[in-house]
Peer 1: 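First the structure, then my questions, so here it is.
Treat the numbers as computed from the prediction; the structure is a model and nothing was measured.
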Amino acid sequence: MPINPTVAELIARSNRLGADPRNTNYAGGNTSAKGTETDPVTGEPVELLWVKGSGGDLGTLSESGLAVLRLDRLRALTNVYQGVEHEDEMVAAFDYTLHGKGGAAPSIDTAMHGLVDAAHVDHLHPDSGIAFATAADGERLTREAFGGRVVWVPWRRPGFQLGLDIARIKQENPEAIGCILGGHGITAWGDTSEAAEANSRWIIETAADYIAEHGRSAPFGAALDGYAPLAEAERRAKAAALAPAIRSMVSTDKPQVGHFTDADVVLEFLEHSEHPRLAALGTSCPDHFLRTKVKPLVLDLPADASVEESVTRLRELHEAYRADYEAYYERNADSDSPEMRGADPAIVLVPGVGMFSYGKDAQTARVAGEFYINAINVMRGAEAISTYAPIDEREKFRIEYWALEEAKLQRAPKPKPLATRIALVTGAASGIGKAIATRLAAEGACVVIADLDLAKAQAAAAEIGGSDVAVGVQADVTDAAQVQRAVDDALLAFGGLDLVVNNAGLSISKPLLETTEKDWDLQHDVMAKGSFLVSKAAAKVLIEQGLGGDIIYISSKNSVFAGPNNIAYSATKADQAHQVRLLAAELGEYGVKVNGINPDGVVRGSGIFAGGWGAKRAAVYGVPEEKLGEYYAQRTLLKREVLPENVANAVFVLCTSDLDHTTGLHIPVDAGVAAAFLR
């Protein structure tokens, strides 16, 4: 069925507006259009409202993300509305106005779009508009900057009454094209989709131009001595060093995934004298503080403070932050309030270094950081033309612990088994490593793919998912500095580390008399030494985080099976196998489990076998190389070929809560090789 032209226009407009962060933030704001379709029951035209549904994102909006309501029934709700004390009931009433299956769930702003007498309505959260909305004298500034074309609306919690208010304002101000919503954002309208978009953009641009022309040159105050940004390499090294301790703190209530940014806007904010005052005032726009909490945790030390000094002070500040948040909850909660969702900060600001942001997954963490950057921009604009004055604490609490917000959270899908886990897999650009990374990501983990070949690592990561799911990094596991850099990259990408898979390897198939010292050293450097270096660097993070974790070695059945012409490879696999036992004994007190996988020869998809190992093993056994997998299968008890995915399955099982009491174990994934049975 062809898409309704009105809907097509709405989606195109929404995508254009949502693509520019100056217009609105991720999943923020909503757009709508009114038009007609044929009612499939009566065959008569019916007037409908299409509006972005709850939780959707304008930049990526599609038809499935729209709520579809009958306009006559939506407007008839004014007859049953009983006042602001009954706001929450009106959202449930939207279900009785849906057309057909209704599409996406209607958002709290649906009434605004349906009740305003305009064919097209945009509600957005631009930084420049919110700067006016949070200015202490925003009403005067709105008159001065926009004349009668934009009307000031005092703060009101989103809902049915706000929709009635804006509808009345439009009716009483026929020359107006939109309004500034105090403490919130902007709304614009138009008779056509083009007019609504043009009016939205005009409000945004006019606000930005006014701030640029009339604003003070230093809205964040004077530069603070010692708070200037560190050099890039130094600040990123310090960020990586701080990340495990900060993640430990913000995961007090429940594990969190992190994101780090050292964007100029963050560093500039933290460099100037007003940042403590402004940060303490908190964010204002509901979309901001729902994701960032009402205020961040700010380290009150200069940029050159040592990591040790910084961690000590952060722990003190974190304890105070939790006490303050609990007091905020107790001051404002009533008998109907949802339970406190946790007292840890979502945003941690470190002068001279940057911002750490946290959430239930990498996207949530990244978006929280983006929203705080929006908040910084809002503070800059408001302070430039006035004084930043966000909505009061009570109103923030009513939004944060709104029953409707709680219902939205309860509708969220159940977390996947490895949600909040951050994995580093070595040698993961192909074969077994890639299969492991793919499975871990599919089960909810964030994955860092480390490989000798950066391009291949990045390509594998892109294939698995976007940067909120997987990233590729270069690492030669024989080089301690490169291993540490890979671990640091994981910390900066996702805020921590929980799960390490030592998979990087190579195979040299030669009899004893043909095996050179170089062969022996290379084999042991990559697998025995490499696993040691990776485990050592990772263990430091796991211990400091205090969240437990997993280290898994991809060993081999050859660690216990004595095959011919395989002295260097099998000996180093035996080394890896005993590292599992040794580290399990040493790291258990920190809640870190260490286990191993013993696969039989994995031929299909294996970089090792494709690199010459397969041909040599086939020659040893006297079979064609293309039949090697079948040969291996026939010597097993189950007569099954071992595939990369079989190894990945075993890794996943070891990481789940079902085996949370298991450490020091080697799992055979060999289809049954009796000579390799563990004794």
Side-chain angles (χ1 to χ4, degrees), residues 423 425-428 431-440 443 499-507 509 523 527-528 531 535 550-585 593-609 613-614 617 620-621 628-656 658-679:
V425 185
T426 65
I432 293 173
K434 185 177 179 182
I436 293 169
T438 301
R439 179 64 190 275
L440 296 179
E443 299 293 349
L499 198 169
V500 177
V501 183
N502 279 309
N503 171 74
L506 58 91
S507 300
S509 176
Q523 195 76 76
M527 293 195 294
S531 297
S535 296
D550 286 276
I551 298 176
I552 296 176
Y553 282 66
I554 306 304
S555 184
S556 170
K557 73 141 188 359
N558 285 13
S559 66
V560 293
F561 172 79
N565 301 339
N566 211 7
I567 178 67
Y569 177 81
S570 294
T572 197
K573 283 299 183 184
D575 184 314
Q576 286 186 306
H578 200 48
Q579 284 188 38
V580 168
R581 292 182 279 267
L582 293 166
L583 295 186
K593 302 189 290 122
V594 187
N595 294 290
I597 310 288
N598 287 351
D600 192 12
V602 178
V603 179
R604 273 193 273 171
S606 168
I608 288 177
F609 276 86
W613 171 261
R617 298 316 292 167
V620 168
Y621 296 117
L628 185 59
E630 295 177 20
Y631 171 81
Y632 282 152
Q634 289 307 308
R635 71 184 184 181
T636 70
L637 300 175
L638 298 176
K639 309 302 182 188
R640 298 174 186 168
E641 184 176 352
V642 179
L643 303 176
E645 291 73 20
N646 303 136
V647 182
N649 293 342
V651 171
F652 166 65
V653 170
L654 282 170
C655 298
T656 64
D658 290 346
L659 290 184
D660 60 5
H661 284 57
T662 300
T663 191
L665 173 69
H666 282 277
I667 297 182
V669 183
D670 58 11
V673 177
F677 283 175
L678 297 174
R679 294 177 176 86

Peer 1: Only counting residues at least two apart or in another chain, list the ones meeting salt bridge (Lys or Arg N to Asp or Glu O under 4.0 Å) with Arg640.
Peer 2: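 Expected list: none.
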Peer 1: Atom CG of Leu583 and atom OG of Ser531: how far apart are they, to the nearest 0.5 Å?
Peer 2: 9.5 Å
Peer 1: Going through the distances and angles, do Asp600 and Arg635 end up as a salt bridge (Lys or Arg N to Asp or Glu O under 4.0 Å)?
Peer 2: CA-CA 11 Å; Asp600 192 12; Arg635 71 184 184 181; 2.8 Å; yes
Peer 1: Verify whether one side chain among Asn502 and Ser535 offers a donor that lies under 3.5 Å from an acceptor in the other.
Peer 2: yes
Peer 1: Do any N or O atoms from the side chain of Lys639 and from the backbone of Gln634 form a donor-acceptor pair under 3.5 angstrom?
Peer 2: yes
Peer 1: For Asn503 and Gly427, work out which heavy atoms get closest and say how close.
Peer 2: ND2-O, 2.9 Å
Peer 1: For residues 669-676, which side-chain N or O atoms pair as donor and acceptor with protein atoms under 3.5 Å away, sequence neighbours left out?
Peer 2:
unit_1, atom_1, unit_2, atom_2, d
Asp670, OD1, Gly672, N, 2.8

Peer 1: Who pairs with Lys573 by side-chain contact (heavy atoms from CB on, under 4.5 Å), at least two apart in sequence or on another chain?
Peer 2: Met527, Ser555, Ser556, Ser559, Tyr569, Gln576
Peer 1: With no hydrogens and no angle check, is any side-chain donor or acceptor of Thr656 less than 3.5 Å from a backbone partner on Val653?
Peer 2: yes
Peer 1: For residues Asp550 and Val651, determine if any side-chain heavy atom of one lies less than 4.5 Å from a side-chain heavy atom of the other.
Peer 2: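 Not in contact.
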Peer 1: For residues Asn649 and Glu645, is any side-chain donor paired with an opposing acceptor at under 3.5 Å?
Peer 2: no
Peer 1: Decide side chain to side chain contact (heavy atoms under 4.5 Å, CB included) for Val647 and Phe652; before the verdict, give the C-alpha distance in whole Å, the side-chain angles of both, and the deciding distance to 0.1 Å.
Peer 2: CA-CA 9 Å; Val647 182; Phe652 166 65; over 6 Å; no
Peer 1: Between Gln579 and Tyr553, is there a side-chain donor-acceptor contact under 3.5 Å, judged purely by atom types and distance?
Peer 2: yes
Peer 1: Return the minimal non-hydrogen interatomic distance between Ile552 and Cys655, and the atom names on each side.
Peer 2: CD1-SG, 3.6 Å
Peer 1: Heavy atoms, side chains only, cut-off 4.5 Å: are Leu659 and His661 in contact?
Peer 2: no
Peer 1: Go through the structure and list residues passing side-chain contact (heavy atoms from CB on, under 4.5 Å) with Ala584, not counting sequence neighbours.
Peer 2: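 Partners of Ala584 by the side-chain contact (heavy atoms from CB on, under 4.5 Å) criterion, ordered by chain and then number, come out as Val594, Thr663.
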Peer 1: Who are the side-chain hydrogen bond (donor to acceptor under 3.5 Å, both in side chains) partners of Asn646, not counting sequence neighbours?
Peer 2: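 Not a single residue meets the side-chain hydrogen bond (donor to acceptor under 3.5 Å, both in side chains) criterion with Asn646.
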Peer 1: Quick check against the 3.5 Å criterion: does His666 have a side-chain atom that pairs as donor or acceptor with the backbone of Leu678?
Peer 2: no
Peer 1: Verify, without hydrogens or angle tests, whether Gln523 (side chain) and Leu506 (backbone) share a donor-acceptor contact under 3.5 angstrom.
Peer 2: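 Confirmed, Gln523 side chain pairs with Leu506 backbone.
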Peer 1: Show, in sequence, the C-alpha distance, side-chain angles and deciding distance for Ile667 and Asn595, and conclude whether the side chain to side chain contact (heavy atoms under 4.5 Å, CB included) test is met.
Peer 2: CA-CA 8 Å; Ile667 297 182; Asn595 294 290; over 6 Å; no
Peer 1: Go through the steps to decide whether Ile551 and Val501 satisfy the test side chain to side chain contact (heavy atoms under 4.5 Å, CB included), and finish with yes or no.
Peer 2: CA-CA 6 Å; Ile551 298 176; Val501 183; over 6 Å; no
Peer 1: Just by distance, do the side chain of Thr572 and the backbone of Ala568 share a donor-acceptor pair under 3.5 Å?
Peer 2: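 Side chain of Thr572 to backbone of Ala568: no pair is present.
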Peer 1: Looking at Gly433 and Val425, what are the two nearest heavy atoms and their distance?
Peer 2: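 For Gly433 versus Val425, the nearest heavy atoms are O-CG1, 3.8 Å.
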Peer 1: Can you name the salt bridge (Lys or Arg N to Asp or Glu O under 4.0 Å) partners of Glu630, sequence neighbours left out?
Peer 2: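 Salt bridge (Lys or Arg N to Asp or Glu O under 4.0 Å) check on Glu630 returns Lys627.
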Peer 1: Taking the side chain as everything from C-beta on, heavy atoms only, tell me whether Leu654 gets closer than 4.5 Å to Ile597.
Peer 2: yes
